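Some notes on the structure that comes next.
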Amino acid sequence: MAGSGKTTFMQRINAHLHSNRDIPYVINLDPAVRSVPFDTNIDIRDSVDYKEVMKQYNLGPNGGILTSLNLFATKIDQVLNLLEKRTAHPPPEEAARGKKQIGKILVDTPGQIEVFVWSASGDILLGSLASTFPTVIAYIIDTPRTASTSTFMSNMLYACSILYKTKLPMILVFNKTDVKDAAFAKEWMTDFEAFQAALRGEENTGAFGGYEGGDGAGAGQGSGYMSSLLNSMSLVLEEFYRHLSVVGVSSMTGDGVDEFFEAVEVKKGEFERDYRPELERRKQEREKAREGKKEEQLGQLLRDLNMSGQDKARRAKKEPETVSEAEEDDEEGEEESGGLLDPDEDEDQDDSKASGLKKRYQQALDDSSTDPGQDDFSFASYVQRARMG
Ligand SMILES: Nc1nc2c(ncn2[C@@H]2O[C@H](COP(=O)(O)OP(=O)(O)OP(=O)(O)O)[C@@H](O)[C@H]2O)c(=O)[nH]1
């Protein structure tokens, strides 16, 4: 969420990895950020000028970010090539020169996370990464601003929607623990009774609704509707909580960063065990559906060819009723055969035409087999091939 400390968190984990000599590969995907307080290997701002995009396409800030991401998504093949090279073992001569294999890739997203998560380019970028590397989402939460039951619940629903949209393992990072400890949040996520008690407490003190930066005291009016909604929400979300790792971190002091990397390892294992097979299954399903569609279209084409063949046969069988019709038929017959072919030869030609057409049609379908479906991670290469960038 905006202002929750994503950039500071990135800076902290980047510094942590550097100090452990586990140099990461860093990508900035926020085209609107003024300055990034850490070194990046790939920066969207090097290839897309966000302000120029806004001016040229007459867009507002979010439209500008979205269009910049779309433009950048056309280069995802190049990005993946670079990443694959850097994550592979370096050749001996480069290893001798001290070049190391990259173990981790850090990606900073735009602050307006919804622009990223719910856009086609976000889909392409995340999907391409996830189909190549184990990918884990870290959702950064501003702990002091999440201290009331309603802001906490809004944050959880937001995280939940991102989890369901990206279908990737997720870690909830409760940031700014130097200001407020995240123990209350962990308790609310594991103990339904504790959340109920906090809800009742807010209702009794008239603190319902909370406000940014406070623990809810004295900010809002209680409402029976809201309280029962939050109650049922917390029950519904129990299942969602079970899929998450939760860590408390202070990006300022570095507290909890080790715990975060332990959670990353756990989620990486989960990715390999549960998510990768699911990705493969979805990919195979798409392939199968595509094959089925191809067969269906081919069948339709052949049926159409047969139909037109039968029409012609019917027309040929129709007896002329007048002299002029007979003359017309003779002329037509000559035109169709070019004045040279007999009817048998004509039939043979139709057959060979049909099989030739079938072959060409099959070829065309094979060539265009990359279908830019919603979850299709090969869409990026489709865009590349279509030379949209
Ligand atoms: N006390 C404290 N402040 C923090 C911490 N992390 C970030 N901040 C502060 O929170 C503010 C926002 O931090 P950023 O890192 O810019 O947040 P962001 O999520 O990248 O912001 P946008 O990209 O603009 O949405 C800054 O003033 C940071 O100094 C933390 O762990 N503790």
Side-chain angles (χ1 to χ4, degrees), residues 1-19 24 26-40 42-46 48 50-51 53-54 60-69 72 105-119 121-122 125-126 136-148 151-152 154-156 158-159 161-162 166 170-186 211-215 245-264:
M1 281 222 153
S4 56
K6 284 184 303 298
T7 308
T8 320
F9 178 72
M10 275 287 288
Q11 192 178 6
R12 172 60 64 186
I13 55 173
N14 187 22
H16 180 91
L17 290 173
H18 272 269
S19 67
V26 185
I27 303 178
N28 171 45
L29 289 183
D30 189 350
V33 71
R34 271 227 193 112
S35 65
V36 182
F38 44 83
D39 285 341
T40 53
I42 297 177
D43 194 328
I44 184 170
R45 294 172 307 159
D46 293 338
V48 188
Y50 162 71
K51 287 212 169 133
V53 168
M54 273 172 68
N62 283 347
I65 292 176
L66 189 66
T67 308
S68 303
L69 281 168
F72 186 75
I105 302 166
L106 308 180
V107 184
D108 195 7
T109 64
Q112 289 82 344
I113 189 68
E114 66 281 6
V115 176
F116 182 71
V117 174
W118 280 280
S119 65
S121 44
L125 294 168
L126 265 184
V136 176
I137 306 264
Y139 180 71
I140 318 295
I141 297 170
D142 190 329
T143 314
R145 281 203 291 166
T146 311
S148 82
T151 48
F152 172 81
S154 320
N155 239 315
M156 291 304 111
Y158 210 91
S161 70
I162 293 173
T166 59
M170 180 185 266
I171 303 172
L172 289 191
V173 179
F174 281 89
N175 190 29
K176 309 192 185 180
T177 51
D178 55 303
V179 180
K180 181 156 181 75
D181 191 64
F184 76 92
K186 290 182 188 169
Y211 60 91
E212 280 196 1
D215 358 11
S245 293
V246 183
V247 288
V249 166
S250 167
S251 302
M252 278 287 181
T253 64
D255 209 33
V257 172
D258 282 326
E259 230 182 281
F260 169 75
F261 279 110
E262 279 163 25
V264 170

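Just follow the structure's listing: the first ligand is 1, and inside any ligand the first atom is 1. Note that the structure is a prediction, hence the values are computed from the model and not measured.
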Please could you name the atoms of ligand 1 that [X] approaches to less than 4.0 Å, counting only its heavy atoms?
X: D178; result: 1 (N), 2 (C), 30 (C), 31 (O), 32 (N)
X: S250; result: 31 (O)
X: V179; result: 1 (N)

task = Using the six-membered ring wherever Trp is involved, compare the ring planes of H16 and F261 and label them parallel, tilted or perpendicular (cut-offs 30° and 60°).
result =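 It falls in the parallel class, under 30°.
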ask   = In terms of ring plane angle, is the pair Y158 and W118 parallel, tilted or perpendicular, where the classes change at 30° and 60°?
value = perpendicular
query = With sequence neighbours left out, what residues match F72 under ring-ring contact (aromatic ring centres under 6.0 Å, His included)?
reply =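 Partners of F72 under the ring-ring contact (aromatic ring centres under 6.0 Å, His included) test: none.
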query = Can you find a heavy atom in the side chain of V26 that is under 4.5 Å from one in the side chain of M10?
reply =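 A side-chain contact under 4.5 Å exists here.
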ask   = Are L29 and D108 close enough that some pair of their side-chain heavy atoms sits under 4.5 Å apart?
value =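 Side chain of L29 against side chain of D108, heavy atoms only: no contact under 4.5 Å found.
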With nothing but distance in play, are any N or O atoms of [X] less than 3.5 Å from an N or O of ligand 1?
X: F9; answer: no
X: G5; answer: yes
X: K6; answer: yes

inquiry  = Would you compute the distance between atom CZ of F184 and atom OG1 of T143 and round it to the nearest 0.5 angstrom?
reply    =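 Atom-to-atom, F184:CZ and T143:OG1 are 6.0 Å apart.
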query = Between N175 and ligand 1, which part of the residue brings a heavy atom under 4.0 Å of the ligand: side chain, backbone, both or neither?
reply =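 It is the side chain that touches ligand 1; the backbone stays farther off.
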ask   = Applying a 4.0 Å heavy-atom criterion (strictly less than), which segment of T7 is in contact with ligand 1: side chain, backbone, both, or neither?
value = both
inquiry  = Less than 3.5 Å apart, any donor N or O on the side chain of T151 or S148 sitting next to an acceptor on the other?
reply    = yes
query = Among Q112, Q11, K176, which residue places a heavy atom closest to atom 4 (C) of ligand 1?
reply =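 That would be K176.
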